[in-house]
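This report concerns only the one structure given below.
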Amino acid sequence: FVAMELQGGAVFADLGSGAGRLVAQAWFEMPAVRTIGVELAPTRHAAAVRARASVVSCGAAATFGHGQRGDPEFRQASMLSTDLSAVTHCYVASLLMGDELMNALWATLQRDAPKLKVVATLRAFRGDAAAEALAHVARVDMTWNEDGDSGTDVFIYRL
């Protein structure tokens with residue numbers, strides 16, 4: 001979140017959000033950020049929806065200062081066809097995505113996300129336009145990094 005300069009008033013989307021852990025983390029850490037998870041797989045999407053319902057029903061939202069703010073939003077949809085018109089910051093765990101999908105995603109973001117300011121991805125986009133938008137590569141600690149590991153490269157694009 002620091003590498004993306006994510007702050008209040010932003011709309012954060014995790015494209016390929018799985019069970020929604022990163023969306024939940026953003027929601028807990030930054031009450032003034034709207035959070036959206038987009039996941040294609042029905043089972044992973046259902047896990048995110050169940051987790052959100054559990055947090056909301058046990059009252060944890062109020063504990064973290066979310067009494068008046070919306071819950072995280074989870075969509076079962078393709079990242080290539082969901083509404084991205086309000087998104088200002090997005091993250092994509094793209095390590096296993098092929099070039100064709102990465103190219104299609106870059107085109108979708110350019111076309112369908114007019115408010116987008118920052119994209120963070122684990123795999124670099126290709127092409128001149130993407131190269132011009134690459135602001136820096138951050139080393140970020142991830143859950144899969146072992147102790148003493150220097151982190152994982154995250155490509156930060158500013159649009």
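We number each residue from 1, following the sequence as shown.
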Main chain of [Y], side chain of [X]: is a donor-acceptor contact present, judged purely on distance under 3.5 Å?
X: R50; Y: A19; answer: no
X: R52; Y: P72; answer: yes
X: R139; Y: G151; answer: yes
X: E39; Y: R44; answer: no
X: T82; Y: S78; answer: no

- Item | Check against side chain to side chain contact (heavy atoms under 4.5 Å, CB included), L134 and F155 | CA-CA 7 Å; L134 181 63; F155 298 86; 4.0 Å; yes
So, taking the atom named [atom1] in [X] and the one named [atom2] in [Y], what distance separates them when rounded to the nearest 0.5 Å?
X: N103; Y: R126; atom1: CG; atom2: CZ; value: 9.0 Å
X: C90; Y: L84; atom1: SG; atom2: CG; value: 7.5 Å
X: F1; Y: Q25; atom1: CZ; atom2: CD; value: 6.0 Å
X: H89; Y: I36; atom1: NE2; atom2: CD1; value: 13.0 Å

- Do any pairs count as a ring-ring contact (aromatic ring centres under 6.0 Å, His included) and have a residue in residues 99-124, sequence neighbours left out, and if so which ones?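 Qualifying pairs: W106-F125, W106-Y157.
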Taking side chain as C-beta onward, heavy atoms only, is [X] less than 4.5 Å from [Y]?
X: Y91; Y: L122; answer: yes
X: V11; Y: T88; answer: yes
X: D14; Y: V38; answer: no
X: V87; Y: L15; answer: no

- Task: Could you name each residue pair satisfying salt bridge (charged side-chain N to carboxylate O under 4.0 Å, His left out) that touches residues 127-138, not counting sequence neighbours?
- Result: none
Which heavy atom of [X] sits nearest to which heavy atom of [Y], and what is that distance?
X: A26; Y: T35; result: CB-CG2, 3.7 Å
X: A3; Y: H136; result: O-CE1, 3.9 Å
X: A133; Y: L159; result: CB-CD2, 3.8 Å
X: V23; Y: G37; result: CG2-CA, 3.6 Å

- Message: Could you check whether atom CZ of R21 has more than 12 heavy atoms from other residues, nucleotides or ligands sitting under 6.0 Å from it?
- Response: no
- Message: Take a 6.0 Å sphere around CG of L96 and say whether it holds more than 12 heavy atoms from other residues, nucleotides or ligands.
- Response: no
- Message: Run the side chain to side chain contact (heavy atoms under 4.5 Å, CB included) test on Q76 and L40 for me, step by step, so that the C-alpha distance in whole Å, both residues' side-chain angles and the decisive distance to 0.1 Å come before the verdict.
- Response: CA-CA 5 Å; Q76 183 184 351; L40 184 61; 6.0 Å; no
Side-chain donor-acceptor contacts of residues 111-121 below 3.5 Å, not counting sequence neighbours, with atom names and distances?
from : atom 1 : to   : atom 2 : distance (Å)
T121 : OG1    : S94  : OG     : 2.5
T121 : OG1    : R123 : N      : 3.4
T121 : OG1    : R123 : O      : 3.1

Report whether [X] and [Y] are members of the same hydrophobic cluster (ILVMFWY, side-chain heavy atoms less than 4.5 Å apart, transitive linking).
X: F12; Y: V140; result: yes
X: I156; Y: L22; result: yes
X: L95; Y: M4; result: yes

- Test log, rule side chain to side chain contact (heavy atoms under 4.5 Å, CB included), inputs L101 and L80: CA-CA 9 Å; L101 179 54; L80 301 178; 3.8 Å; yes
- Taking NZ, NE, NH1 and NH2 as the nitrogens, is one of them in E73 or R34 under 4.0 Å from a carboxylate oxygen of the other?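 Yes, this pair counts.
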- Walk me through it: do M97 and M79 pass the test side chain to side chain contact (heavy atoms under 4.5 Å, CB included)? CA-CA 12 Å; M97 293 181 181; M79 65 180 75; 3.4 Å; yes
